[in-house]
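One structure is given below, encoded as structure tokens.
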Amino acid sequence: MRDDQGPMKITNWKVPIVALVMALGTIAQAAENHEPALSAAQAAVVSRSIATLKSSTDRHVAESWSNSKRVAELICRPAALPVLRKQAKGVDRVFLGTNDSASLTLESNRRLTGSGEFRTPHGWQDFTFTCNIDPLTAKVTSFQPVLLKASH
């Protein structure tokens, strides 16, 4: 800006502001989460899965999840149920992670570890798990649960 021309006028101010806000949001999210990025295939699976959620509220909540929560809910959990049904009779529900963000760790776009629980007719059972994923296909290559003893 030259002093003799007066203040510079920005006629298309929306473009620089939108770009700045998006860049700052991406940087802040990466710094806050300290998580590995998803592969292109994983991001596509997550995006498609979120788009199929029926309510806009559910879609909004899922979009705010960390990468570890997204991988747990949308990639690993569907693979967990058949594995757990082989280990315990009557498994009908499974949850990976808790409200504690430390209950899930996305070590890389190839491995998620954490804790979870499943329900049987006899009650809830806690377990830890490792979920291995092929980043090129976003398919689970193995789901390995370790059942924990009940603490009574």
Side-chain angles (χ1 to χ4, degrees), residues 13-152:
W13 57 271
K14 290 181 183 178
V15 174
I17 290 176
V18 169
L20 178 61
V21 168
M22 288 175 64
L24 290 174
T26 302
I27 292 167
Q29 184 179 14
E32 182 180 318
N33 291 339
H34 302 291
E35 293 188 304
L38 301 181
S39 70
Q42 291 164 337
V45 166
V46 165
S47 180
R48 279 193 308 271
S49 297
I50 291 173
T52 65
L53 296 173
K54 292 182 180 171
S55 82
S56 61
T57 302
D58 289 346
R59 288 189 299 275
H60 181 70
V61 168
E63 288 167 353
S64 72
W65 286 342
S66 65
N67 283 347
S68 57
K69 181 71 171 170
R70 290 175 179 193
V71 169
E73 286 295 319
L74 305 172
I75 297 175
C76 292
R77 190 171 56 86
L81 193 56
V83 172
L84 291 166
R85 283 183 171 153
K86 290 178 184 176
Q87 290 197 358
K89 204 172 217 179
V91 174
D92 68 342
R93 299 278 317 252
V94 63
F95 292 104
L96 301 182
T98 66
N99 289 337
D100 179 4
S101 62
S103 66
L104 295 170
T105 302
L106 188 60
E107 296 175 5
S108 70
N109 62 9
R110 296 180 178 274
R111 180 185 296 251
L112 176 75
T113 60
S115 59
E117 58 183 358
F118 62 83
R119 183 175 68 181
T120 70
H122 304 292
W124 290 92
Q125 169 70 51
D126 294 327
F127 65 97
T128 60
F129 70 89
T130 300
C131 179
N132 293 309
I133 309 136
D134 181 342
L136 297 176
T137 64
K139 303 250 186 239
V140 173
T141 57
S142 70
F143 185 87
Q144 302 160 331
V146 175
L147 305 186
L148 302 176
K149 293 183 178 182
S151 56
H152 291 255

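To the nearest 0.5 Å, the span separating CG on N67 from NE2 on H34 amounts to 13.5 Å. One distance of note links CD of Q42 with NZ of K139; it measures 12.0 Å at 0.5 Å rounding. The CZ atom of R77 lies 11.5 Å from the CG atom of L84; values are rounded to the nearest 0.5 Å. If you take CD1 on I75 and OG on S49, they are separated by 7.5 Å, rounding to the nearest 0.5 Å. Taking CG from L112 and CD from E35, the interatomic distance works out to 9.0 Å, rounded to the nearest 0.5 Å.
Although no hydrogens or angles enter the test, the distance criterion places no donor-acceptor pair under 3.5 Å between the side chain of R119 and the main chain of W124. Using modelled atom types, no side-chain atom of S103 and backbone atom of G97 make a donor-acceptor pair closer than 3.5 Å. The main-chain N or O of R70 is never found under 3.5 Å from a side-chain atom of E73 such that the two would form a donor-acceptor pair.
With C76 as the partner, the side-chain contact (heavy atoms from CB on, under 4.5 Å) test is satisfied by one option alone out of L96, L104, V94, T130: L96.
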**Request:** List the steps, then state whether ring-ring contact (aromatic ring centres under 6.0 Å, His included) holds for F127 with F118.
**Result:** CA-CA 8 Å; F127 65 97; F118 62 83; 5.8 Å; yes

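A donor-acceptor contact under 3.5 angstrom links the side chains of N132 and S142, judged on distance only. When only modelled atom types and interatomic distance are considered, S66 and S68 share a side-chain donor-acceptor pair under 3.5 Å. Side-chain contact annotation: E107 with T113, donor-acceptor N/O pair under 3.5 Å present.
Note: F143 and F129 meet the aromatic proximity criterion, with ring centroids under 6.0 Å apart.
Within 6.0 Å of CZ on R110 lie no more than 12 heavy atoms contributed by other residues, nucleotides or ligands.
You'll find the side chain of Q125 stays beyond 4.5 Å of the side chain of T120, heavy atoms only. A heavy-atom distance below 4.5 Å is found between the side chains of L81 and V91.
Remark: E63 does not engage R59 in a salt bridge, criterion side-chain N to carboxylate O under 4.0 Å.
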